[in-house]
Each structure stands twice: as structure tokens, then as C-alpha cells.
Amino acid sequence: MYKVLIVDDEPAAVSLLSNVIQKKCTDFEVQAAAFNGEEALKIIRTSLPDLLLTDIRMPIMDGIELIRQVGREFPDISVVIFSGYSDFEYARSAIIYGAEDYVLKPVDISEFLEVMRKVKQKLDEQFYRTRNQIVSRMVNGTVEITGDKIKKYFQEESYYAAVWRENALPRRFNVGKKEIFSENSPIIVYGRDEMEGMLLCPESAVSGDDFVSFCKRFSKRYESGAGSYKTMVIMRNPFSVENVYMVLAGLNRLLNSVVSVGCDQTITTEDASREQQPLHTGTVLSNEAERTVKTGSLESIAAVLREYFSLWSDENVSQLWLESQVRHIFYQIEKRSLLVSAHEIMEFLLEDAFYEAVNMEDLLQTILSIIEENKKSSKQDDLLNRKKIYSEINQYLEIHIKEPISVQDICLRFGVSKATLSKVFHENADRSFHNYLTVLRVEKAKEIMQSRTEYFIKDVAQEVGYEDQFYFSRIFKSVTGISPSDFLLKCSAKEKE
């Protein structure tokens, strides 16, 4: 509900507008009325309305000065002015100072309602944009947001929350990635990328259902359907709106700590708080790996990795912990110049290995292939061969863009390891294969929408290899920053020009 302040020195005009808003504008509520600009400014400073409806000619402080001061102190407040034909020059000055629209006196009700419709659309966009920014800051722990701001943007008394992730944690070296939010809705779905969703749901939307079951059903709408494993962390019981910051930040930290490669998990925050942090065999590996590295035998290091990956798989170690162990070994290898690739390339290769792994065995084989590939010298013919592979894969993607394509499919078809595929695309496209394919599909989707504006979103999605319309929308928005429906509307508008 948006709060409205009406400012007019004519009581009859205030009464008319109040009645129209009460009966016809269900998303607005008249918060207060004032009869001059000075009185209005005092109210604004204490109660912060969303919309200011003001006359221009008033005693003590006129509408122009009021709008000027509101624009300087409260730029987020929307302003609509009322004026007669003789005050048109005043109206033009008001628009310069920030008024968004004006209505001629005497007020035509249909004209006024149309202006209110436009204002609501603008306020909605501003509301959801600001709320999304708040969610992002809370999730990433950059700032604690409490008090009136929480209640303004999270208007229910109590909420449920959960977070889920398909496959590994987000990449650190994202190229062109954006955080993803759901469309405007009381239910918030946030993700650091298209493989993740954080659900913040008003208690009233669950309607007495068990929230764990509700969350599992709801999350399927936002999943790729191609994930090999899934991690879900759920806060089973509702919490008061004042605790939104603490809950969202906590869920995100907990998810980061429990994701385990290849392991399907659904845990509640209550269960997690009772569990003890497991002890792993990391120290033994670190000491043994260092002794093995000193021998200069990469074969021996591979044997150590095989042994300990077997143990870690049984222990369901967290991805973060596992990464620390693997990176420690690679640091020791690099320190002794046993690998030929630059450190930056190794970082990309390891990130791709964890992100693309479907289970622990798959991850182990990719890491071993990284070591094997880097034993070779970087000869000119090897570089040329990788360029040739890159060109051939590009040609294949152009032809088969409508088909489901995975890293595993490409590796099998072209007879390359995941490590080689990763190196090919980081050398030639400066990004991972997964990211390259995503951007390629989105660009193809944009081309289709620009040339075929009559298409439905689901048709566009299928043309570029996505069976699920909702997942395609998340992908499209993560790359472009705009939803496919909004992009299609823009294309249609250009076509009509």
C-alpha cells in the first residue's frame, strides 16, 4: 500500500481526491492532507509518503518551492501536480524540479486515474528494485538493514525462508554474470547465478502447508532440470520480519559450508545447529603430499589424490574444505615448477573442474587430467590444435543450438578431457565453456525475438535449447539484466515505430 499526501488550499479539492483514491485506487492510501507547502514539508519529514499530490498556487509556500525542496531532500518521493490552464508555465517549472506528471483543474476523474496508474507502475518498479538491492546486501553481508526500512519493503509480519543450489558453489571468476531475482511478487526468489534460488516467502502464502514440502515443490519451477546434485537448506519455522537480515545472511553462509560435490542434501537450520562439524583427514594429506611433491613425481601425487579422494567421498566433505586441500597440493606443485601453465590458467581450470563435476570420481578424473595435460610442453602445434578444436566446437554449437548440450556431451563427441575443453575456451574465448554456451544461446534468443516478435517466450526458449521457460527466463536475465518478456516488448515497440 503506497502512502499519499494531498496538498491543496481548497478543502473541497482535498476531499474530492481523497474519496477518489479511497474508492478507485486500491493500492494507495491517503496518509494525510495539508493546505500549504510549509505544512506539507513538516508532514513529509516525519512520515515519508510515497506520493505527493500538490496544487501549485498556495499561500505561505507554493507548490513549486515545495517540489524543489522535496526533490532535494527526498528524491524517491513521486510528485504529481494540479494546475489550471493559466498556470501552465508554473507546471513546466514543476516538472523541471522533478514532478512526474500533472493534472488540469477542474480534475477529470478518468484522467486522474490514468495518471495514478502510471505512478503505481513507476512506484512498483522502484519498490522491487530497492527491495532487490536490500536482499542482495543482506545475503552478501555487506550491510545490516533493520527497523522501518525492513518493514517498508517486507510488509508481512512473518516469513519462511530457504535456499537451494544445483551442483557446485558459484564461480569466483564470473564473466558477465548478474544476480537474479524473481519477477515482482510477494515471494522473493534471489540467486547469485542461475543455478541458485533463495526463497523468502510470506507465511500467508504457504497457507498452512508444511513449508519443507512447499519449498521442494516451489523450487522445481526455478531449476535447470539438468543438475546432477542439489543442496537445500530450509528454515522450517516462520520468523518475524525483524529477523530477515539475520536469517538470509545465515542461510547463505550455511549453504556455502555444506555443499558437498555429488551429494544430494536437504537439511533444516534446526538440524544443522545440532550437528557437530566432522573431522577430516586433511592434515595427513597435506604432510604426505608435501613429502611426495619433493620427489618431483607427479605420478606419486596422483596416487595420493586417488587414495584421499576415496576417503573424502565416504566422509562427504564440504566443497570449500575440499578445494582448500586440492589448491594446497597444486600450490606445492607450482612452487616446484612441475607444471607449465600460468597460475591464472590453473585457477580457471580448477574452478571449472569443481563447477562442472557431477560427483567426486568425475572431479578426481578432471584434476588428474589437469596434471597430465600440464606435464606436456606448450608447443606451437599443441596451441594450433586447441584453436582447431575451438573452431570445430563452435561450428557444432551453431548447428545444434536447439539441442540439449552438456560439457560431458562435447567431451565425448570431440574426444577431449574436461581439462582440455576448459583450457581451449579460456585460451580462445577468455571464459568457461559453460558460460560461453550460455551467452551464445542468449544472443541467439535475442536475434529470434528481434526478427519474430510474434513468438511466445516458450517458443524462443525451445529454439535455443531450453525446455523450461522459467529457467530460460532466469538465464536470459542473468546475462542481459532484463527479462525476455520485457526484451520482447521493446522489440515489438521498435517494430511499430
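The figures that follow rest on heavy atoms only: side chains count, while hydrogens, waters and symmetry mates do not.
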So Tyr308 and Trp312, would you call those rings parallel, tilted or perpendicular, with 30° and 60° as cut-offs?
tilted

Those residues at least two apart in sequence (or on a different chain) that pass salt bridge (Lys or Arg N to Asp or Glu O under 4.0 Å) with Arg452 are Glu454

Short N-O contact, Lys458 and Glu463, less than 4.0 angstrom:
no

Which atom names give the shortest non-hydrogen contact between Val259 and Ala168, and what distance separates them?
CG1-CA, 4.5 Å

If you look only at pairs with a residue in residues 230-241, which of them pass as a salt bridge (charged side-chain N to carboxylate O under 4.0 Å, His left out), with sequence neighbours excluded?
Glu223-Lys230

Contacts of type salt bridge (Lys or Arg N to Asp or Glu O under 4.0 Å), residue Glu196, not counting sequence neighbours
Arg165, Arg192

Partner residues of Ala357 under the side chain to side chain contact (heavy atoms under 4.5 Å, CB included) criterion, sequence neighbours left out:
Val261, Asp362, Leu363

Closer than 4.0 angstrom, basic N to acidic O: yes or no for Arg413 and Asp409?
no

Partners passing side chain to side chain contact (heavy atoms under 4.5 Å, CB included) against Ser422 (at least two apart in sequence or in another chain)
Leu349, Asp352, His426

Using 30° and 60° as the class boundaries, would you call the ring planes of Trp164 and Tyr222 parallel, tilted or perpendicular?
tilted

Does the ring centre of Tyr390 sit less than 6.0 Å away from the ring centre of Phe425?
yes

With sequence neighbours excluded, residues passing salt bridge (Lys or Arg N to Asp or Glu O under 4.0 Å) with Glu398
Lys444

